Amino acid sequence: MLQTKTLTQFLITHLVDKPDHTTLSLLLSDLATIGKVISQKTNSAGIAKILGSAGKTNVQDEDVQKLDILANDLCKEYLMQTGRLAALASEEEDAVVAMGDSGNLADYIIAFDPLDGSSNIDVNVSIGTIFSVYKRIPELDRMDEKQFLQKGKEQVLAGYILYGSSTVLVFSFGDGVHECTFDQGVGEFLLSNERISLPNTPTYYSVNECNVNCVREYDKKRMTWLRDESGLRSRYIGSLVADFHRNMIKGGVFMYPEIYKKKEDVYVGKLRLNYELNPMAFLIEQAGGMATDGKGNRILDIEPKALHQRSGFIVGNTNIVETLETYYTEE
Ligand code: P6P
């Protein structure tokens with residue numbers, strides 16, 4: 001006897017309340033299928049000899065792993081044949097990707113990080129796929145980059161698939177955030193945590209403390225407060241989806257401040273607004289938390305200016321994020 005709902009059963013119930021979510025529900029089901037395939041590929045990567053670098057760098061100037069390419073190509077090819085999307089943006093793609101003739105009249109667009117944290121693949125650390133879905137702007141050509149410069153609060157579906165000790169799909173349509181766990185035996189994602197709510201008492205803080213001498217004074221003070229006064233325990237795995245998921249379930253805060261780049265004499269964020277920060281900010285707010293850029297701006301209110309725009313990031317329990325924001329000083 002199956003003790004819980006499958007993702008499909010959950011979506012059928014969801015459609016009763018949201019009859020206009022048929023395409024979005026089918027799209028989430030597509031993403032779940034992609035997650036099953038990537039999960040299988042990452043779990044057998046060592047055997048299939050698809051670990052390691054692909055020997056090229058992406059638009060982020062990052063070393064591309066073989067599994068990055070596999071995940072990116074899988075997402076593009078699978079979603080292209082569904083006809084549910086007009087265009088796609090990806091961390092691994094310089095520009096917007098058209099979703100074929102079948103997508104010409106589609107109402108939605110998607111931004112992806114097909115395999116976030118992929119530098120951790122070779123050491124068996126959890127990695128993830130992050131997705132962010134918007135309604136297409138009808139007045140614009142589907143290939144117009146402005147389709148992907150909508151504020152994060154306009155997202156209609158966002159989530160991630162975490163490939164860890166188990167494979168979990170965490171998502172929100174904007175009416176609560178839910179978790180499904182992949183059951184190998186059944187071959188389905190089963191509902192494992194409905195309407196996730198951040199614990200009132202946070203447990204962890206996550207920041208790469210090796211950056212302490214490359215951040216602004218107010219970020220240095222934030223890192224010191226987290227370590228010495230917050231009462232939180234340090235946990236940092238260096239894989240955004242894994243760090244974020246742990247803190248959402250156990251309560252806590254993740255911070256990636258802007259880092260000083262000596263060559264360019266400028267402070268820059270590492271994480272990308274479109275397909276990392278916006279989906280995570282959407283989820284954390286649905287779980288009762290908060291996400292800012294570290295300069296007092298709500299992530300979901302930021303108007304992106306570029307497809308691969310980066311930003312500073314503080315995300316987690318509202319009381320902790322608000323405390324950290326009190327350290328901000330205008331430059
Ligand atoms: P650092 C992985 O490369 C990633 O993009 C995120 O998943 C992760 O949170 C971050 O970078 C880790 O960066 O500089 O601490 O290694």
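Please read all numbers here as calculations on a predicted model, not as lab measurements. Atoms within a ligand are numbered from 1 in the order they appear, just like the ligands themselves. Just so you know, residue 1 is the first one in the sequence shown, and it goes up from there.
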Could you tell me whether [X] and [Y] make a salt bridge, using a distance below 4.0 angstrom between a side-chain N and a carboxylate O?
{"X": "K135", "Y": "E154", "result": "no"}
{"X": "R298", "Y": "E285", "result": "yes"}
{"X": "E93", "Y": "K76", "result": "yes"}

To the nearest 0.1 Å, how far is [atom] from its closest protein heavy atom, and which atom is that?
{"atom": "atom 12 (C) of ligand 1", "answer": "Y236 OH, 3.3 Å"}
{"atom": "atom 7 (O) of ligand 1", "answer": "D116 OD2, 2.5 Å"}
{"atom": "atom 14 (O) of ligand 1", "answer": "Y256 OH, 2.6 Å"}
{"atom": "atom 2 (C) of ligand 1", "answer": "G117 CA, 3.7 Å"}

Within 45° of the six-membered ring axis of [Y] and under 6.0 Å from that ring's centre, is NZ or CZ of [X] located there?
{"X": "K153", "Y": "F282", "value": "no"}
{"X": "R216", "Y": "Y260", "value": "no"}
{"X": "R246", "Y": "Y204", "value": "yes"}

query = Which atoms of ligand 1 sit under 4.0 Å from any heavy atom of G238?
reply = 2 (C), 8 (C), 12 (C)
Check: N208 N/O within less than 3.5 Å of ligand 1 N/O = yes
request  = Please determine if S239 has a nitrogen or oxygen closer than 3.5 Å to a nitrogen or oxygen of ligand 1.
outcome  = no
message = Residue-level breakdown please: for L240 versus ligand 1, do any non-hydrogen atoms fall below 4.0 Å on the side chain, on the backbone, on both, or on neither?
response = both
request  = For a side-chain contact (heavy atoms from CB on, under 4.5 Å) with F182, tell me which candidate from V168, T167, L7 qualifies.
outcome  = T167
query = Of the listed options (E276, E209, K270), which comes nearest to atom 13 (O) of ligand 1 when hydrogens are ignored and any heavy atom counts?
reply = K270
